[in-house]
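Encoded as structure tokens, the structure appears first; notes follow it.
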There are 2 protein chains.
Amino acid sequence: MLKGLMQDVPLLVSSLIEHAASCHGDAEIVSRTAEGTINRSTYRDIARRAKGVAKALLALGVKPGERIGTLAWNGYRHMEMYYGVSGMGAVLHTIHPRQFPEQLEYVINHAEDQHLFFDVTFAPLVERLAPMLRTVKHFVAMTDRRNLPLSDIPNLLCYEDLIAGNDEDFSWPVFDEATASSLCYTAGTTGTPKGVLYSHRSTVLHAFAICAADSMALSANEAALLAAPMSHVNGWGVPYAAAMCGMKLVLPGPANDGRSLYELMRDEGVTLALGGPNVWPPIFAHADATHRSPRKDLRLRRVVIGGAVPGGELTERITSQFGASVTQVWGMTETSPIGAVGAPLSAQGEAEKGATTVAEASHGRAPFGIELRLVDDAGRRVPHDGLTRGLLRLRGPWVPAGYFKATGASSLDAEGFFASGDIATIDGKGWLRVTDRAADALKSGGEWMSSAELEAIAVGHPDVFEAALIALPGTPSRTRRLLIILRRSSCEVSRDELLDYLAQRVDRRWLPDDVVFVEHIPHTATGKVHKGQLRAMFAGHPWPSETAAPAV
Amino acid sequence: MLKGLMQDVPLLVSSLIEHAASCHGDAEIVSRTAEGTINRSTYRDIARRAKGVAKALLALGVKPGERIGTLAWNGYRHMEMYYGVSGMGAVLHTIHPRQFPEQLEYVINHAEDQHLFFDVTFAPLVERLAPMLRTVKHFVAMTDRRNLPLSDIPNLLCYEDLIAGNDEDFSWPVFDEATASSLCYTAGTTGTPKGVLYSHRSTVLHAFAICAADSMALSANEAALLAAPMSHVNGWGVPYAAAMCGMKLVLPGPANDGRSLYELMRDEGVTLALGGPNVWPPIFAHADATHRSPRKDLRLRRVVIGGAVPGGELTERITSQFGASVTQVWGMTETSPIGAVGAPLSAQGEAEKGATTVAEASHGRAPFGIELRLVDDAGRRVPHDGLTRGLLRLRGPWVPAGYFKATGASSLDAEGFFASGDIATIDGKGWLRVTDRAADALKSGGEWMSSAELEAIAVGHPDVFEAALIALPGTPSRTRRLLIILRRSSCEVSRDELLDYLAQRVDRRWLPDDVVFVEHIPHTATGKVHKGQLRAMFAGHPWPSETAAPAV
Ligand SMILES: Nc1ncnc2c1ncn2[C@@H]1O[C@H](COP(=O)(O)OP(=O)(O)OP(=O)(O)O)[C@@H](O)[C@H]1O
Ligand SMILES: Nc1ncnc2c1ncn2[C@@H]1O[C@H](COP(=O)(O)OP(=O)(O)OP(=O)(O)O)[C@@H](O)[C@H]1O
Ligand SMILES: [Mg+2]
Ligand SMILES: [Mg+2]
């Protein structure tokens, strides 16, 4: 082997903020704070104050590799933590504040967080959690002395006091790019949250991937509203990639209501918005209630949606009423998160006809760096023909090799691929379509069915607001399928009418065994239908007789 | 140190073509061949045939790390060599065929190329060189048996025969990403060509950098004419980055005349063209002579120019007549080549006013991964204020640590920065402006002057076609500056008229000591003014008396 003669410069998180400070020093980070004010910061400021964080942590005795927790909204101080903690060689553990308290307690203890930084909003929560946290030495309120919460939190420190005067004269340490930079737990939709330990290398490579023109196309020419929480999967990696390209960032803090988001987009000239599908309904409601003209008020041109399927209506409204194009991304906590991204093709070859539809129907294609592969239950490869469903596996430098402190069997197969837990199809051009989670999977005649598709068809009924299909133990030869429906208020569709409606639209084999109506469908912290909880709720469901499904 | 738990997947050149084959298998590589025909290939074909190349090399006994030379145009077989050679662990040595024969002989012997692949155009050249080449075992004509050149080349092989039947059933070897992937020598403008040994890592990271939205924004939505030669600096890294994003590539082969390029752009729906400034004058001439309407004929939207300053007229014509925007890049063989790239800002903050001008006047900004630094003669840092000139140094994962087989002192300074040999300014926002090469540098009162600027002003005179300013040994206290002018045909401007013209436009200290008129200005293989040769030609120049410069 002959070694190349290029420089051995490691890919480090600190290099991202240093780059932004030197090439995009004046580009803005605009935040709505937990205290309610609007803060205007720049990459130069973030770089300087992140050094303050690093020095403060050193002064607290933090060692490389130790975990530092954050319970915080999207804001400039959180961004300083992103760079300060990882930059000095410690590990940033972002905690999703909307998780159930037992999950919060579990993840903080499991991560062995040494210090916990929190936005003042969470003071009551922290006060309740504190006695259960076994490793946390200090609780740091991310505010100034004037806004320090009055509470019984032990070992309480004030962020601004901590970093004050600390920001000069510090050089980021240089170390191996394989070093851990941050830790995030999965949403816990299918069980106990699992810790994903990202590295500096994976974080920087992922940032390259999302700056690509065919990916999220992040750019110094955009002003981006980051509505995806920085407390989950590193805010989709956007706080890193934004520094990579010098993009203006607009961080909404705790104010995720429709009006606040709308006005922030308007006031800050937001051109690009990133977040889950749940970001949009409140914005639509606000625009409707106040008779706004989004196309006139806003400069929004692009919307990136991920984490769950955006309903057709959503895409349609963003396109027509807001005049923005929609790009979908698929990913997991495990995949940093981008595993596939859908740039609707327009100019070339395959886009000429039809492919745009494929692109839109799918969740996107793997960017370079991610290899996707479908396998069956036995781990044998199944064809990528756009039809055959298989268990989705991934390989790549921003895909995990295992979970934090996991014991037992490896998470990887013989060829190094990681099991996503999703069921999907992939077509000959690489377009990925996730049809289900394996945990929620429904099989019929040995073939996986798509609960997502059946749910989408059910929601197409004018009386249906939300639908969830779950599998429950049935006869020995097959599981039973229960369709759970939340009707629109004052709508009355009946079980038989709905089964009729479905029977006209789907293959008979796919029809649910029964339909029930509920007043509420439970969701997880990240806005997904909590199918685990539904399965528990309906464990003893009294099934109708075998002939219940109507004749077609 | 805590290690992250992400997969340890190396960044390899073979992964690029595998990605393209699986996600963009049908995207086209359209080539005009050395035989004169148009060939249509796809990423799927290139991936398959590159394996054929790899297996053929193994059969020839090629060992990892050995160098394989190419003397070839931009075409699909050259692209197969890019992937086949590096993919199997050997080193692709691309040789610029327009270099002087002594330089060709020097680089092939210095690289110790084991086999030399050549396009049939170069058969006579290869025949002349062969006796001088000490290490080359086989000469492989990149054609099929029918087009094999009749010549006295020893150990001649036929490319298509060599790879035939070799393409099934081969898995790319996986190895350390620091392994050498390709070798390219500098243009030799300032002396003996120096070898730059790229690694798989540097190549893939550079590809990420040029796919970025704010860089070259390469995309599956573009059809790109690659007019920069694949025989120099890996064709700007575009053959790698195009596979990364699945971009249609249009490769002009030997036909770089205006008509061929114009018609190829038209026939292939080219939306993006990449190449040096010298690509354009023949295209303009063709459009003028045949009264074409480029805006109607072509789908060109973007042009990337690098390697030398694009004259103002050039940019203006591309913009107005071709309706395309121009992005400038600065780079060197050493920097893979992108060291700075100029995305004209438009939407945000600093772009509101004035900055567009700065962006246009400059060569661009460092993409993430490149750190730029200005120093004085003594290596002390000088301010990045947009005014102070300094020697440009660079650091980053696609910048070299040294030259191939170089002996003696390290090429890096104490902080790991590499000396570019260019003189530049950098402003507070990172915009780079290269004003000169250190080898051609002119100092006045301790301050570096810009020969490029003075030349540009001289060319502003209606009678001047081309201008070159060189420094020659003068009095002990300062060097003398000679301005060499090629007049437009039948134009008559005199020495004193020109000095007058300049005196009205530049500071007195910057005026040349003398002006001479020539019939021809020598250029290097890559189209740069050969100042070394000019300095030799005018070594004994009889200077006028000290008072020659006219009073102002
Ligand atoms: N664009 C999308 N469309 C549909 N589903 C998506 C999309 N993006 C992500 N998902 C779903 O979200 C999952 C990843 O979510 P996340 O990592 O936040 O936690 P979780 O999987 O819900 O929790 P846990 O792994 O703890 O059960 C994916 O596996 C996939 O099922
Ligand atoms: N956009 C640009 N504007 C002006 N000059 C440029 C630009 N891009 C590149 N250059 C010049 O080209 C040089 C790099 O050229 P290259 O690596 O091909 O060989 P060379 O420097 O001419 O040859 P050698 O190093 O052997 O003398 C840079 O150092 C710079 O002087
Ligand atoms: Mg999961
Ligand atoms: Mg050079």
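In this structure, no portion of A/Ile210 lies under 4.5 Å from any heavy atom of chain B. For A/Ser22, the part lying near chain B is the backbone, with the side chain staying farther off; criterion is any non-hydrogen pair under 4.5 Å. Looking at B/Glu28, there are no atoms closer than 4.5 Å to chain A (heavy atoms on both sides), in backbone or side chain. Residue B/Ser182 does not touch chain A at all, counting heavy-atom pairs closer than 4.5 Å. Contact of B/Arg395 with chain A is made through backbone and side chain together, with heavy-atom distances under 4.5 Å. For chain A, the nearby part of B/Tyr403 is the backbone; its heavy atoms alone come within less than 4.5 Å. Using a 4.5 Å cut-off between heavy atoms, B/Leu183 makes no contact with chain A at all. If you measure heavy-atom distances from B/Ser219 to chain A, the contacts under 4.5 Å come from both the backbone and the side chain.
For the set B/Gly89, B/Gly25, B/Pro367, B/Ala20, the count of heavy-atom pairs under 4.5 angstrom toward chain A peaks at B/Pro367. Contact tally against chain B (heavy-atom pairs below 4.5 Å) for A/Lys63, A/Met6, A/His19: the top residue is A/Met6. No other option in A/Met216, A/Lys3, A/His200 has as many heavy-atom pairs under 4.5 Å with chain B as A/Lys3. No other option in B/Ala401, B/Ser199, B/Gly65, B/Ala243 has as many heavy-atom pairs under 4.5 Å with chain A as B/Ala401. Options A/Ala90, A/Ala217, A/Pro64, A/Ala178 differ in how many heavy-atom pairs under 4.5 Å they form with chain B, and the most are formed by A/Ala178. Taking chain B as the reference chain and counting heavy-atom pairs below 4.5 Å, the highest number among A/Cys211, A/Gly195, A/Ser181, A/Gly246 is found for A/Cys211. Contact count versus chain B (heavy atoms, under 4.5 Å) is highest, among A/Leu218, A/Asp26, A/Val91, A/Leu16, for A/Leu16.
Taking each heavy atom of B/Met1 and A/Asp176 in turn, the nearest pair found is SD-CB, 4.0 Å. The minimum heavy-atom distance between B/Leu11 and A/Pro397, with the atom names listed, is CD2-CG, 4.4 Å. Between B/Ala220 and A/Asp214, the shortest heavy-atom contact is N-OD2, 2.6 Å. Scanning all heavy atoms of the two residues, the minimum distance from B/Phe368 to A/Met244 falls at CD2-CE, 3.4 Å.
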When you look at A/Leu2 and B/Arg67, which way does the side-chain contact (heavy atoms from CB on, under 4.5 Å) test go after all the steps?
-> CA-CA 10 Å; A/Leu2 181 66; B/Arg67 274 76 63 202; 3.8 Å; yes
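Here the CZ-CG distance, from A/Arg201 to B/Asp8, works out to 6.5 Å after rounding to the nearest 0.5 Å.
Within the 4.5 Å cutoff, side-chain heavy atoms of B/Leu205 are placed close to those of A/Leu205.
Under the rule for a salt bridge (charged side-chain N to carboxylate O under 4.0 Å, His left out), A/Glu66 has no partner lying at least two apart in sequence or in another chain. Applying the salt bridge (charged side-chain N to carboxylate O under 4.0 Å, His left out) test to A/Arg381 and every residue at least two apart in sequence or in another chain returns nothing.
Using a distance-only test at 3.5 Å, with no hydrogens or angles considered, a donor-acceptor pair links the side chain of B/Gln7 to the main chain of A/Pro400.
The aromatic rings of A/Phe208 and B/Phe208 lie parallel to each other, with less than 30° between the two planes, well short of the 60° mark.
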